2 protein chains.
Amino acid sequence: MLTSSQQQLLRVIGQSGPSSRTVLAASMGLSKAAMSGIARDLISLGVLHETETVHGQGRPSILLDLHPEGAFFVGISLLEDPAPMVLSDFNGNIVARRAMPLSRDPDVIADLISEALPKLLARRKDAAQKLYGLGVALSGFVDEKQANCVQSTLLGWQDVPLANIIRRKSGIDTFIENDAKAVAVSEKLFGSARDIRNFSVVSFDDGIGCAHFIGGQLYRGNHGGAGEIAHCTIEPGGSPCRCGKRGCLDTVASLKAIKEMAKAEGLSCRSMNDLETEASLGNAAAIRILHRAGNALGLAIAHLIQFNDPGMILITHVEGRFDGLFGTVMRQAVEANVLPRYAGQTPIRTRRVDGDIWARGAASIAAHNFLIGPTPN
Amino acid sequence: MLTSSQQQLLRVIGQSGPSSRTVLAASMGLSKAAMSGIARDLISLGVLHETETVHGQGRPSILLDLHPEGAFFVGISLLEDPAPMVLSDFNGNIVARRAMPLSRDPDVIADLISEALPKLLARRKDAAQKLYGLGVALSGFVDEKQANCVQSTLLGWQDVPLANIIRRKSGIDTFIENDAKAVAVSEKLFGSARDIRNFSVVSFDDGIGCAHFIGGQLYRGNHGGAGEIAHCTIEPGGSPCRCGKRGCLDTVASLKAIKEMAKAEGLSCRSMNDLETEASLGNAAAIRILHRAGNALGLAIAHLIQFNDPGMILITHVEGRFDGLFGTVMRQAVEANVLPRYAGQTPIRTRRVDGDIWARGAASIAAHNFLIGPTPN
DNA sequence: GACACTAAGTTCAGAAACTAAACAAATCAA
DNA sequence: TTGATTTGTTTAGTTTCTGAACTTAGTGTC
């Protein structure tokens with residue numbers, strides 16, 4: 001295990017990117033002497049390496065960065081069948097990829113992982129020695145130790161100690177996490193939120209997920225439920241939701257809800273793309289659906305801004321569309337429902353991501369535990 | 001200034017109450033030897049003292065606690081005229097009280113404080129020597145250094161470096177904070193939220209304020225705006241608000257709004273008490289108003305729970321009432337609008353507080369900076 | 001090209017903070 | 001009275017960090 005200073009250094013580099021020893025020393029509140037020693041140790045461990053030399057006045061500075069091949073992590077997504085499985089390096093790059101069948105039995109999952117691991121690692125023999133962790137992303141609630149699945153409707157689980165089961169069978173340090181929270185961690189470590197201390201990620205998909213980073217750390221909430229915006233009441237007295245109440249954001253603005261509303265209106269749209277096209281051609285039903293959905297998502301995001309004042313909101317989506325009517329209405333609804341003083345002050349970025357997003361997020365959970373240690377909420 | 005270990009010790013005692021050296025050592029992850037030394041230093045500084053001896057098996061343990069007279073803080077509220085001014089000991093008890101005229105000129109405020117200080121301290125000569133900080137609570141936005149007032153509608157300010165002005169004229173370490181955030185800090189340090197890491201305080205008054213503690217720390221938000229639930233849209237398309245948009249929580253559920261709605265309905269109610277009495281006698285207008293307001297506040301709190309999953313919500317009020325129709329409807333609305341799985345999982349406490357609440361909160365801001373240091377958001 | 005100037009990074013002695021282990025102290029239980 | 005038990009202190013040694021001097025590798029100027 002690394003010392004706390006070493007972890008802190010990795011975290012700072014992870015957040016601010018490649019930096020010189022002098023800069024790092026200053027930003028960690030340490031002397032140059034202490035920095036020198038800590039960097040030396042991490043370089044000889046193969047975790048850090050010297051990259052560019054930057055010329056200014058005086059002796060040039062040498063930037064230190066995480067060594068891409070200094071540590072490897074495995075990430076598995078239990079959101080799809082077959083379940084994607086990736087091998088990620090220290091920069092979040094995917095260096096190998098496989099899939100394994102999905103099961104609902106935790107022991108079977110652990111066995112399948114143990115079988116698949118050697119094949120995943122086969123091409124990268126160095127990775128096997130530097131494999132420092134395994135992460136699993138799933139739909140459901142996870143406890144604060146990132147070890148037990150408290151509840152998962154999708155998998156039909158209740159209090160399943162999945163991490164320990166996998167750890168025992170595979171021999172690798174394992175952590176599990178909720179899907180949206182895993183994506184947020186991945187954006188914090190490797191994505192566009194690296195240098196932002198407070199932000200929220202909204203994952204727009206068949207369901208709507210959300211997770212918060214606060215003070216540079218993932219905030220899980222007291223029952224692991226922080227960020228569950230899908231079931232906030234956005235249309236009081238609206239349509240019934242599978243959760244048991246009415247008017248949840250999920251019933252109006254999720255991709256699944258949008259598709260179902262389109263079907264109910266007799267539209268033959270297979271994708272959001274089709275629906276946007278219909279709307280742009282003037283189809284009233286399509287326009288109505290997209291308007292209602294965009295408005296609902298915008299209102300929820302406005303609440304998020306009013307309640308938490310994040311530095312950024314990042315919306316990730318695989319097959320959504322934010323450049324049409326839906327996105328426009330959503331942005332307008334946000335601006336119309338935050339304090340006028342704050343309108344336009346919170347950047348809202350949308351990002352199209354590939355299907356690896358969940359497995360990549362899972363891997364970043366393992367990397368996060370290696371880099372920073374467990375989250376203390 | 002105290003070392004980080006000393007600060008950590010004070011913080012732990014502040015959170016868990018009086019404890020023995022051995023227990024403290026364990027909970028801070030230090031050896032008994034280190035603990036012994038740190039405690040010795042703080043006792044000789046007069047900040048800690050030995051209280052009870054607890055007998056079990058083996059040598060009895062001696063509990064350490066903050067010395068009530070080990071440090072004193074001044075708190076001033078700029079929310080009322082005259083402005084209340086209190087002297088608080090290390091346990092949050094108010095040991096002296098004065099008032100000073102309110103001004104909108106920062107320099108005048110600093111002069112008034114400097115003049116009033118000796119009189120406040122006159123009766124407690126020991127306090128003058130152990131006065132470690134001064135806090136100011138105001139309505140408006142404050143920067144993350146708790147030094148500058150970014151904006152205050154009530155005071156008509158824009159970027160006023162109030163803390164430094166007061167510090168220069170009075171010679172005392174000064175910090176300013178938003179009113180609701182100051183109350184939250186006071187509840188965390190001295191009130192009913194001492195041992196809760198994640199909670200939100202809602203202050204119900206003429207306006208509605210709110211502040212979050214996350215991970216044991218005050219979360220200020222990226223622009224200092226975290227917790228501004230008063231202006232979240234709770235009735236889309238509802239009544240215009242002074243902020244410029246429509247349907248804000250503030251227009252429906254604040255004490256001021258409730259009184260105004262009562263007046264508009266021709267009711268001669270002077271207080272919430274009167275209105276609740278009217279409602280209990282069957283007055284339809286009173287019932288309608290309280291229902292609407294309770295429902296709105298409940299929905300906002302439900303959103304808060306869905307978004308942030310806090311461990312407690314504490315509603316403070318000076319002249320509100322939560323034991324009648326308003327409170328009942330509010331609680332019902334909360335339960336009806338959170339995920340059924342979470343219903344009843346988040347304790348909602350209401351607490352009637354005295355008029356000292358803001359000045360006490362201001363003093364606790366100073367105590368917080370002494371105990372824990374600046375908040376790093 | 002020689003020289004001063006600048007800033008990065010290293011070295012080393014010493015300070016500060018912590019640990020481990022032995023020990024002294026204070027009580028209970030038999 | 002004796003042993004068990006647990007708290008808190010002492011002491012010696014380790015780890016981690018700082019301060020100051022120093023080396024290194026450049027740039028700018030004459």
Side-chain angles (χ1 to χ4, degrees), chain A residues 1-13 16-67 70 371-373 376, chain B residues 1-13 16-67 70 371-373 376:
Chain A
M1 205 50 194
L2 305 176
T3 70
S4 69
S5 291
Q6 289 174 326
Q7 285 203 335
Q8 194 192 349
L9 174 55
L10 294 184
R11 187 173 54 219
V12 170
I13 293 183
S16 8
S19 320
S20 72
R21 283 164 241 248
T22 308
V23 167
L24 289 167
S27 77
M28 285 173 62
L30 289 181
S31 64
K32 289 193 294 176
M35 193 67 240
S36 194
I38 297 168
R40 191 191 310 120
D41 294 346
L42 284 176
I43 289 171
S44 70
L45 274 173
V47 178
L48 281 188
H49 70 160
E50 300 186 335
T51 56
E52 208 181 338
T53 55
V54 174
H55 297 265
Q57 240 173 358
R59 174 171 170 178
S61 57
I62 305 163
L63 301 189
L64 298 176
D65 197 4
L66 302 181
H67 192 117
L371 268 174
I372 296 169
Chain B
M1 204 51 193
L2 305 176
T3 68
S4 69
S5 291
Q6 288 174 327
Q7 284 203 335
Q8 193 191 351
L9 174 54
L10 294 184
R11 187 173 54 221
V12 170
I13 293 184
S16 9
S19 321
S20 72
R21 284 164 239 248
T22 307
V23 167
L24 290 167
S27 77
M28 285 173 61
L30 290 181
S31 65
K32 290 191 293 175
M35 194 66 241
S36 195
I38 297 168
R40 192 191 309 118
D41 295 347
L42 285 176
I43 288 172
S44 69
L45 275 173
V47 177
L48 280 189
H49 70 162
E50 300 187 334
T51 56
E52 207 182 340
T53 56
V54 174
H55 298 265
Q57 237 175 1
R59 176 171 168 177
S61 57
I62 306 164
L63 301 190
L64 298 176
D65 197 3
L66 303 181
H67 193 118
L371 269 174
I372 296 168

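We use all heavy atoms of the structure for the numbers below, so side chains are in, but hydrogens, waters and symmetry mates are not. Throughout, protein chains are lettered first and strands after them, A, B, ... in sequence-line order, and every chain is numbered starting at 1. Remember, it's a predicted structure, so these values are computed and weren't measured experimentally.
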Between [N] ([atom2]) and [X] ([atom1]): distance, integer Å:
X      : N       : atom1 : atom2 : result
D41(A) : dT16(D) : CG    : C1'   : 11 Å
I62(A) : dT10(C) : CD1   : P     : 7 Å
Q7(A)  : dT16(D) : CD    : P     : 13 Å
L63(B) : dT7(D)  : CG    : C1'   : 12 Å
L24(B) : dT9(D)  : CG    : C1'   : 16 Å
M35(A) : dA7(C)  : CE    : C1'   : 17 Å
E50(A) : dT24(D) : CD    : P     : 16 Å
M28(A) : dT16(D) : CE    : P     : 13 Å

Any idea which of [options] is nearest the [X] side chain?
X      : options                   : result
A33(A) : dT10(D), dT18(D), dC17(D) : dT18(D)
R21(B) : dT9(D), dC18(C), dT19(C)  : dT9(D)
I38(A) : dC17(D), dA8(C), dG8(D)   : dC17(D)

Taking 4.0 Å as the cut-off, does a side-chain nitrogen or oxygen of [X] come that near to OP1 or OP2 on [N]?
X      : N       : result
S36(A) : dT10(C) : yes
S5(A)  : dC17(D) : yes
S31(A) : dT18(D) : yes
T22(A) : dG9(C)  : yes
S20(B) : dG8(D)  : yes

*Answer yes or no: is there a side-chain heavy-atom contact under 4.5 Å between L371(B) and R11(B)?*
no

*State, yes or no, whether a side-chain contact exists between M28(A) and Q8(A) at a heavy-atom distance under 4.5 Å.*
yes

*Any idea which heavy atoms bring L63(B) and S20(B) closest together, and the distance?*
CD2-N, 3.6 Å

*What are the two closest non-hydrogen atoms of G46(A) and H67(A), and how far apart are they?*
O-CB, 3.4 Å

*Is S16(A) reaching over with its side chain to a backbone N or O of I13(A), donor-acceptor style, under 3.5 angstrom?*
no

*Just by modelled atom types, is the L42(B) backbone N or O under 3.5 Å from a matching donor or acceptor in the S44(B) side chain?*
no

Using a cut-off of under 3.5 Å, enumerate the N/O to N/O pairs linking the protein to nucleotides 23-29 of chain C.
residue	atom	partner	partner atom	Å
dA26(C)	N3	R59(B)	N	3.3

*Please step through side-chain contact (heavy atoms from CB on, under 4.5 Å) for the pair I62(A) and T51(A), ending with a clear verdict.*
CA-CA 7 Å; I62(A) 305 163; T51(A) 56; over 6 Å; no

